Amino acid sequence: MSNETKKNAEVIVVTSGKGGVGKTTTSAAFSSGLAEQGYRTVVIDFDVGLRNLDLIMGCERRVVYDFINVIQGEATLNQALIKDKRFDNLYILPASQTRDKEALDKDAVGRIIDELKKDFDYIVCDSPAGIESGALMALYYADHAIVVTNPEVSSVRDSDRILGILSSRSKRAEEGRDRIKEFLLITRYSPSRVAKGEMLSVKDVQEILSVPLLGVIPESKAVLKASNEGVPVILNKDSDAGQAYEDCVKRFLGKEIPMRFTEKVGFFQRLFGAATE
Amino acid sequence: MSIFDLFRKQQKQAPNTAAIAKERLQIIVAHSRGKNEPLDFMGKLQLELIEVISRYVKIDKDQVRVALERNDERSVLELNITLPDA
(Lines give C-alpha, C1' and ligand atoms only; values in the text may rest on other atoms or scores of the structure.)
Protein backbone atom coordinates (compact mmCIF):
# COMPACT_ATOMS: atom_id res chain seq x y z
CA MET A 1 0.00 0.00 0.00
CA SER A 2 1.24 3.46 -0.79
CA ASN A 3 1.64 5.90 2.03
CA GLU A 4 1.47 9.03 -0.07
CA THR A 5 -2.08 10.02 0.71
CA LYS A 6 -2.16 8.35 4.09
CA LYS A 7 -4.15 10.23 6.71
CA ASN A 8 -3.39 9.80 10.39
CA ALA A 9 -4.84 6.48 11.44
CA GLU A 10 -7.69 6.60 13.91
CA VAL A 11 -9.00 3.89 16.20
CA ILE A 12 -12.76 3.54 16.64
CA VAL A 13 -14.22 1.26 19.32
CA VAL A 14 -17.77 -0.02 18.95
CA THR A 15 -18.95 -0.71 22.47
CA SER A 16 -22.07 -0.89 24.65
CA GLY A 17 -21.67 -2.79 27.90
CA LYS A 18 -24.81 -4.77 27.28
CA GLY A 19 -24.79 -7.71 24.89
CA GLY A 20 -27.06 -8.20 21.91
CA VAL A 21 -27.61 -4.53 21.16
CA GLY A 22 -25.89 -4.56 17.76
CA LYS A 23 -22.16 -4.01 18.28
CA THR A 24 -21.04 -6.56 15.72
CA THR A 25 -23.73 -5.54 13.23
CA THR A 26 -22.54 -1.96 13.66
CA SER A 27 -18.84 -2.85 13.40
CA ALA A 28 -19.46 -4.76 10.18
CA ALA A 29 -21.65 -2.03 8.71
CA PHE A 30 -19.40 0.80 9.79
CA SER A 31 -16.15 -0.73 8.57
CA SER A 32 -17.73 -1.62 5.22
CA GLY A 33 -19.12 1.91 4.99
CA LEU A 34 -15.72 3.49 5.68
CA ALA A 35 -14.13 1.23 3.05
CA GLU A 36 -16.86 2.13 0.60
CA GLN A 37 -16.07 5.80 1.19
CA GLY A 38 -12.51 5.05 0.14
CA TYR A 39 -10.75 4.64 3.46
CA ARG A 40 -8.37 1.77 4.14
CA THR A 41 -10.09 0.06 6.99
CA VAL A 42 -9.45 -2.92 9.25
CA VAL A 43 -12.00 -4.31 11.66
CA ILE A 44 -10.81 -6.33 14.67
CA ASP A 45 -12.96 -8.78 16.61
CA PHE A 46 -12.08 -8.45 20.31
CA ASP A 47 -14.62 -11.03 21.42
CA VAL A 48 -12.08 -13.75 22.12
CA GLY A 49 -13.76 -17.10 22.64
CA LEU A 50 -17.03 -15.98 21.04
CA ARG A 51 -16.06 -14.71 17.64
CA ASN A 52 -18.89 -13.66 15.37
CA LEU A 53 -17.67 -10.77 13.29
CA ASP A 54 -16.39 -13.24 10.69
CA LEU A 55 -19.93 -14.61 10.28
CA ILE A 56 -21.51 -11.18 9.95
CA MET A 57 -18.85 -10.20 7.40
CA GLY A 58 -19.31 -13.51 5.57
CA CYS A 59 -15.68 -14.62 5.78
CA GLU A 60 -15.95 -17.40 8.37
CA ARG A 61 -14.60 -20.05 6.03
CA ARG A 62 -11.47 -18.10 5.30
CA VAL A 63 -10.27 -17.80 8.90
CA VAL A 64 -6.90 -19.51 9.28
CA TYR A 65 -5.07 -17.48 11.90
CA ASP A 66 -6.52 -15.09 14.45
CA PHE A 67 -5.71 -12.11 16.65
CA ILE A 68 -4.35 -14.28 19.48
CA ASN A 69 -2.06 -16.18 17.07
CA VAL A 70 -0.57 -12.82 16.10
CA ILE A 71 -0.26 -11.66 19.71
CA GLN A 72 1.56 -14.84 20.62
CA GLY A 73 3.82 -14.74 17.58
CA GLU A 74 2.37 -17.87 15.99
CA ALA A 75 1.41 -15.99 12.84
CA THR A 76 2.25 -12.67 11.25
CA LEU A 77 -0.29 -9.91 10.99
CA ASN A 78 -0.44 -10.32 7.22
CA GLN A 79 -1.18 -14.01 7.57
CA ALA A 80 -4.07 -13.36 9.93
CA LEU A 81 -5.69 -10.44 8.08
CA ILE A 82 -8.55 -11.55 5.84
CA LYS A 83 -9.22 -9.45 2.79
CA ASP A 84 -12.88 -8.59 2.39
CA LYS A 85 -14.44 -10.07 -0.72
CA ARG A 86 -16.35 -6.90 -1.60
CA PHE A 87 -13.90 -4.09 -0.87
CA ASP A 88 -10.21 -4.49 -1.49
CA ASN A 89 -9.37 -1.76 1.04
CA LEU A 90 -11.11 -3.62 3.88
CA TYR A 91 -9.56 -6.30 6.08
CA ILE A 92 -10.86 -8.38 8.97
CA LEU A 93 -8.80 -9.58 11.93
CA PRO A 94 -10.82 -12.40 13.51
CA ALA A 95 -10.85 -13.30 17.19
CA SER A 96 -9.73 -16.67 18.46
CA GLN A 97 -12.51 -19.14 19.10
CA THR A 98 -10.57 -21.37 21.46
CA ARG A 99 -8.62 -19.10 23.80
CA ASP A 100 -9.97 -16.85 26.49
CA LYS A 101 -9.94 -13.10 26.85
CA GLU A 102 -7.03 -13.13 29.25
CA ALA A 103 -4.83 -13.92 26.26
CA LEU A 104 -5.21 -10.28 25.18
CA ASP A 105 -2.09 -8.58 26.48
CA LYS A 106 -2.23 -4.79 26.58
CA ASP A 107 1.26 -4.17 25.21
CA ALA A 108 0.90 -6.78 22.48
CA VAL A 109 -2.44 -5.33 21.40
CA GLY A 110 -0.80 -1.90 21.36
CA ARG A 111 2.00 -3.15 19.13
CA ILE A 112 -0.47 -4.68 16.68
CA ILE A 113 -2.54 -1.51 16.56
CA ASP A 114 0.61 0.54 15.92
CA GLU A 115 1.54 -1.78 13.09
CA LEU A 116 -1.95 -1.53 11.61
CA LYS A 117 -1.80 2.25 11.84
CA LYS A 118 0.96 2.25 9.24
CA ASP A 119 -1.28 0.71 6.63
CA PHE A 120 -4.81 1.75 7.50
CA ASP A 121 -6.84 4.92 7.90
CA TYR A 122 -9.37 3.46 10.30
CA ILE A 123 -9.07 0.63 12.81
CA VAL A 124 -12.50 -0.45 14.01
CA CYS A 125 -12.51 -2.46 17.25
CA ASP A 126 -15.58 -4.63 17.81
CA SER A 127 -15.84 -4.89 21.61
CA PRO A 128 -17.26 -7.88 23.45
CA ALA A 129 -20.14 -7.28 25.85
CA GLY A 130 -19.40 -6.67 29.51
CA ILE A 131 -16.73 -4.58 31.19
CA GLU A 132 -14.05 -7.20 31.59
CA SER A 133 -10.60 -7.49 30.04
CA GLY A 134 -11.76 -8.01 26.43
CA ALA A 135 -13.99 -4.96 26.51
CA LEU A 136 -11.37 -2.86 28.33
CA MET A 137 -8.75 -3.87 25.77
CA ALA A 138 -11.04 -2.98 22.86
CA LEU A 139 -11.51 0.57 24.14
CA TYR A 140 -8.04 1.18 25.59
CA TYR A 141 -6.40 2.51 22.41
CA ALA A 142 -9.49 4.24 21.00
CA ASP A 143 -9.66 7.76 19.60
CA HIS A 144 -13.42 7.53 18.96
CA ALA A 145 -16.13 5.47 20.60
CA ILE A 146 -19.46 4.50 19.13
CA VAL A 147 -21.71 3.61 22.03
CA VAL A 148 -24.45 1.34 20.72
CA THR A 149 -27.63 1.65 22.76
CA ASN A 150 -31.11 0.17 22.52
CA PRO A 151 -33.95 2.40 23.75
CA GLU A 152 -34.43 0.21 26.79
CA VAL A 153 -33.53 0.68 30.47
CA SER A 154 -30.79 -1.93 30.91
CA SER A 155 -29.01 -0.95 27.72
CA VAL A 156 -29.10 2.77 28.58
CA ARG A 157 -27.75 2.14 32.06
CA ASP A 158 -24.94 -0.06 30.71
CA SER A 159 -24.08 2.60 28.15
CA ASP A 160 -23.76 5.12 30.95
CA ARG A 161 -21.40 2.75 32.72
CA ILE A 162 -19.31 2.30 29.57
CA LEU A 163 -19.15 6.08 29.10
CA GLY A 164 -17.67 6.31 32.59
CA ILE A 165 -15.09 3.67 31.73
CA LEU A 166 -14.22 5.39 28.43
CA SER A 167 -13.46 8.59 30.30
CA SER A 168 -11.34 6.96 32.99
CA ARG A 169 -9.70 3.76 31.77
CA SER A 170 -8.59 4.45 28.21
CA LYS A 171 -5.01 5.22 27.22
CA ARG A 172 -6.05 8.78 26.43
CA ALA A 173 -7.48 9.15 29.94
CA GLU A 174 -4.43 7.58 31.57
CA GLU A 175 -2.09 9.89 29.69
CA GLY A 176 -4.24 12.95 30.32
CA ARG A 177 -4.71 13.63 26.62
CA ASP A 178 -7.93 14.83 24.94
CA ARG A 179 -10.70 12.48 25.83
CA ILE A 180 -12.09 9.85 23.48
CA LYS A 181 -14.70 11.34 21.14
CA GLU A 182 -17.92 9.61 22.07
CA PHE A 183 -20.91 9.10 19.80
CA LEU A 184 -24.30 7.66 20.60
CA LEU A 185 -25.81 5.20 18.15
CA ILE A 186 -29.36 4.15 18.93
CA THR A 187 -30.29 0.83 17.36
CA ARG A 188 -33.49 -1.23 17.12
CA TYR A 189 -35.53 1.94 17.23
CA SER A 190 -39.23 1.71 16.62
CA PRO A 191 -40.81 5.14 15.97
CA SER A 192 -44.33 3.71 16.13
CA ARG A 193 -43.75 2.32 19.62
CA VAL A 194 -42.20 5.63 20.67
CA ALA A 195 -45.34 7.40 19.43
CA LYS A 196 -47.43 5.12 21.61
CA GLY A 197 -45.31 5.88 24.66
CA GLU A 198 -44.02 2.32 24.80
CA MET A 199 -40.39 3.06 24.02
CA LEU A 200 -37.84 5.68 25.08
CA SER A 201 -37.46 8.29 22.37
CA VAL A 202 -34.17 9.40 20.80
CA LYS A 203 -34.50 12.62 22.76
CA ASP A 204 -35.03 10.73 26.03
CA VAL A 205 -31.94 8.57 25.55
CA GLN A 206 -29.87 11.52 24.46
CA GLU A 207 -30.99 13.57 27.44
CA ILE A 208 -30.05 10.80 29.83
CA LEU A 209 -26.65 10.01 28.34
CA SER A 210 -25.80 13.49 26.97
CA VAL A 211 -23.53 12.27 24.20
CA PRO A 212 -23.70 13.59 20.61
CA LEU A 213 -25.99 11.48 18.46
CA LEU A 214 -24.35 9.76 15.50
CA GLY A 215 -27.52 8.17 14.25
CA VAL A 216 -30.58 6.04 14.74
CA ILE A 217 -30.95 2.60 13.21
CA PRO A 218 -34.57 1.50 12.99
CA GLU A 219 -35.67 -1.97 14.04
CA SER A 220 -35.53 -3.73 10.71
CA LYS A 221 -35.96 -7.14 9.20
CA ALA A 222 -33.04 -6.31 6.95
CA VAL A 223 -30.59 -6.80 9.85
CA LEU A 224 -31.39 -10.47 10.39
CA LYS A 225 -31.49 -11.08 6.66
CA ALA A 226 -28.06 -9.50 6.35
CA SER A 227 -26.59 -11.67 9.08
CA ASN A 228 -28.21 -14.77 7.57
CA GLU A 229 -26.38 -14.04 4.35
CA GLY A 230 -23.13 -12.76 5.81
CA VAL A 231 -23.44 -9.44 4.02
CA PRO A 232 -23.14 -6.30 6.19
CA VAL A 233 -26.54 -4.60 6.23
CA ILE A 234 -25.08 -1.32 4.98
CA LEU A 235 -24.68 -2.99 1.58
CA ASN A 236 -28.43 -3.49 1.32
CA LYS A 237 -29.04 -0.09 -0.22
CA ASP A 238 -32.80 -0.57 -0.37
CA SER A 239 -33.17 -1.22 3.33
CA ASP A 240 -33.93 1.37 6.00
CA ALA A 241 -31.22 0.02 8.33
CA GLY A 242 -28.66 0.01 5.52
CA GLN A 243 -29.45 3.61 4.59
CA ALA A 244 -29.40 4.65 8.25
CA TYR A 245 -25.92 3.13 8.68
CA GLU A 246 -24.69 4.85 5.55
CA ASP A 247 -25.90 8.18 6.95
CA CYS A 248 -24.00 7.43 10.17
CA VAL A 249 -20.75 6.77 8.33
CA LYS A 250 -21.11 10.02 6.42
CA ARG A 251 -21.91 11.93 9.60
CA PHE A 252 -18.86 10.39 11.24
CA LEU A 253 -16.78 11.65 8.32
CA GLY A 254 -18.08 15.16 8.94
CA LYS A 255 -21.00 15.48 6.52
CA GLU A 256 -24.21 17.06 7.73
CA ILE A 257 -26.99 14.59 7.10
CA PRO A 258 -30.44 15.01 8.61
CA MET A 259 -31.76 12.20 10.80
CA ARG A 260 -34.07 9.72 9.09
CA PHE A 261 -36.24 6.83 10.28
CA THR A 262 -36.93 8.54 13.60
CA GLU A 263 -40.54 9.45 12.92
CA LYS A 264 -43.54 7.22 12.60
CA VAL A 265 -44.03 6.27 8.96
CA GLY A 266 -47.42 7.03 7.41
CA PHE A 267 -49.21 4.69 5.05
CA PHE A 268 -48.15 6.51 1.89
CA GLN A 269 -44.59 6.97 3.04
CA ARG A 270 -44.46 3.27 3.64
CA LEU A 271 -45.66 2.66 0.11
CA PHE A 272 -43.11 4.94 -1.52
CA GLY A 273 -40.29 5.14 0.98
CA ALA A 274 -37.54 2.76 1.91
CA ALA A 275 -38.48 -0.86 2.34
CA THR A 276 -38.33 -2.17 5.88
CA GLU A 277 -38.21 -5.76 4.70
CA MET B 1 -71.42 9.80 26.19
CA SER B 2 -71.09 8.84 22.56
CA ILE B 3 -69.51 5.69 21.37
CA PHE B 4 -66.52 7.68 20.12
CA ASP B 5 -65.70 8.86 23.62
CA LEU B 6 -65.23 5.27 24.59
CA PHE B 7 -62.48 4.86 22.02
CA ARG B 8 -60.88 8.11 22.96
CA LYS B 9 -60.83 7.23 26.59
CA GLN B 10 -59.24 3.90 25.94
CA GLN B 11 -56.49 5.51 23.95
CA LYS B 12 -55.75 8.00 26.66
CA GLN B 13 -55.52 5.32 29.29
CA ALA B 14 -52.65 3.49 27.61
CA PRO B 15 -49.87 4.02 30.17
CA ASN B 16 -46.80 5.87 29.02
CA THR B 17 -44.21 3.35 30.16
CA ALA B 18 -41.47 5.19 28.28
CA ALA B 19 -41.91 8.14 30.65
CA ILE B 20 -41.53 5.83 33.63
CA ALA B 21 -38.38 4.33 32.11
CA LYS B 22 -36.94 7.76 31.51
CA GLU B 23 -37.55 8.92 35.06
CA ARG B 24 -36.02 5.79 36.56
CA LEU B 25 -32.96 6.08 34.33
CA GLN B 26 -32.46 9.76 35.08
CA ILE B 27 -32.32 8.99 38.77
CA ILE B 28 -29.82 6.12 38.59
CA VAL B 29 -27.63 7.81 35.99
CA ALA B 30 -27.54 11.07 37.96
CA HIS B 31 -26.51 9.12 41.04
CA SER B 32 -23.84 7.06 39.37
CA ARG B 33 -22.36 10.20 37.79
CA GLY B 34 -22.79 12.37 40.84
CA LYS B 35 -19.77 11.27 42.76
CA ASN B 36 -16.80 9.15 41.95
CA GLU B 37 -17.38 5.63 43.15
CA PRO B 38 -20.18 6.80 45.42
CA LEU B 39 -20.49 4.01 47.93
CA ASP B 40 -17.03 2.54 47.90
CA PHE B 41 -15.90 4.33 51.02
CA MET B 42 -18.81 3.28 53.19
CA GLY B 43 -17.29 0.04 54.44
CA LYS B 44 -14.02 1.71 55.31
CA LEU B 45 -15.81 4.62 56.95
CA GLN B 46 -17.73 2.25 59.15
CA LEU B 47 -14.58 0.40 60.23
CA GLU B 48 -12.73 3.60 61.02
CA LEU B 49 -15.67 5.00 62.96
CA ILE B 50 -15.83 1.88 65.05
CA GLU B 51 -12.11 2.14 65.69
CA VAL B 52 -12.30 5.77 66.81
CA ILE B 53 -15.36 5.31 68.98
CA SER B 54 -13.95 2.22 70.67
CA ARG B 55 -11.05 4.31 71.90
CA TYR B 56 -13.47 6.15 74.13
CA VAL B 57 -16.44 3.91 74.63
CA LYS B 58 -16.73 0.21 74.73
CA ILE B 59 -19.10 -0.64 71.92
CA ASP B 60 -20.34 -3.68 70.16
CA LYS B 61 -19.25 -3.69 66.51
CA ASP B 62 -22.67 -4.80 65.43
CA GLN B 63 -24.24 -1.82 67.14
CA VAL B 64 -22.82 0.69 64.67
CA ARG B 65 -24.88 1.49 61.62
CA VAL B 66 -23.79 3.84 58.86
CA ALA B 67 -26.22 4.69 56.13
CA LEU B 68 -26.11 7.13 53.25
CA GLU B 69 -29.39 8.25 51.84
CA ARG B 70 -29.51 10.35 48.74
CA ASN B 71 -32.22 12.15 46.90
CA ASP B 72 -32.19 14.86 44.29
CA GLU B 73 -31.41 17.75 46.60
CA ARG B 74 -29.17 16.42 49.29
CA SER B 75 -27.45 13.43 50.79
CA VAL B 76 -27.82 12.43 54.41
CA LEU B 77 -25.15 10.45 56.18
CA GLU B 78 -26.78 8.72 59.09
CA LEU B 79 -24.72 7.33 61.94
CA ASN B 80 -26.45 5.23 64.52
CA ILE B 81 -24.52 3.87 67.48
CA THR B 82 -26.16 2.06 70.31
CA LEU B 83 -24.11 2.50 73.45
CA PRO B 84 -24.09 -0.38 75.89
CA ASP B 85 -26.12 -0.01 79.08
CA ALA B 86 -24.09 1.81 81.67
Side-chain angles (χ1 to χ4, degrees), chain A residues 16-18 21 131 147-170 173-174 176 179-180 182 184 186-213 216 218-219 262-264, chain B residues 1-52 61 64-80:
Chain A
S16 70
K18 190 176 184 299
V21 297
I131 51 171
V147 179
V148 184
T149 308
N150 289 169
E152 177 272 325
V153 285
S154 53
S155 174
V156 176
R157 180 197 236 178
D158 289 0
S159 292
D160 179 59
R161 182 90 172 89
I162 277 291
L163 286 167
I165 292 172
L166 283 167
S167 65
S168 62
R169 311 216 19 207
S170 65
E174 279 183 9
R179 52 185 295 148
I180 293 177
E182 298 149 345
L184 175 64
I186 299 178
T187 56
R188 307 200 69 166
Y189 193 68
S190 168
S192 64
R193 301 196 71 185
V194 172
K196 283 188 222 154
E198 292 175 5
M199 183 181 269
L200 290 163
S201 68
V202 171
K203 194 169 151 274
D204 291 339
V205 179
Q206 224 190 329
E207 258 179 61
I208 295 161
L209 295 175
S210 44
V211 171
L213 181 68
V216 179
E219 172 80 55
T262 52
E263 301 301 327
K264 200 173 154 185
Chain B
M1 189 171 76
S2 82
I3 193 152
F4 295 107
D5 286 339
L6 259 177
F7 284 110
R8 236 173 258 145
K9 220 173 197 172
Q10 237 173 11
Q11 248 182 1
K12 263 186 203 155
Q13 273 170 355
N16 188 335
T17 52
I20 302 170
K22 186 182 181 187
E23 202 188 315
R24 291 172 62 213
L25 279 166
Q26 277 173 328
I27 293 167
I28 51 166
V29 166
H31 277 180
S32 75
R33 285 185 181 182
K35 294 178 185 74
N36 309 330
E37 308 299 330
L39 291 171
D40 276 9
F41 61 87
M42 291 299 285
K44 210 176 162 213
L45 176 67
Q46 178 155 355
L47 286 175
E48 287 180 18
L49 280 170
I50 292 171
E51 193 192 310
V52 172
K61 268 187 198 164
V64 179
R65 293 256 179 279
V66 184
L68 183 64
E69 195 181 303
R70 294 190 288 177
N71 52 40
D72 292 336
E73 281 130 45
R74 59 176 171 275
S75 301
V76 178
L77 179 68
E78 193 182 300
L79 181 59
N80 193 340

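Given the structure is predicted, the values throughout are model-derived calculations rather than measurements. Protein chains get the first letters and strands the later ones, always in sequence-line order, with residue 1 at the start of each.
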If you count heavy atoms of other groups shown closer than 6.0 angstrom to CD of B:Glu78, is the number above 12? no
For the CD atom on B:Gln26, are there more than 12 heavy atoms of other groups (residues, nucleotides or ligands in this structure) within a distance under 6.0 Å? yes
CD on B:Glu23 to CD1 on A:Ile208, rounded to 0.5 Å: 10.5 Å
If you round to the nearest 0.5 Å, how far is CG of B:Leu25 from CG of A:Asp160? 9.0 Å
Minimum heavy-atom separation for B:Thr17 to A:Glu198, with atom names? OG1-CA, 3.7 Å
Nearest heavy-atom contact between B:Lys22 and A:Leu200 is N-CD2, 3.6 Å
Check against side chain to side chain contact (heavy atoms under 4.5 Å, CB included), A:Arg157 and B:Val29: CA-CA 7 Å; A:Arg157 180 197 236 178; B:Val29 166; 5.6 Å; no
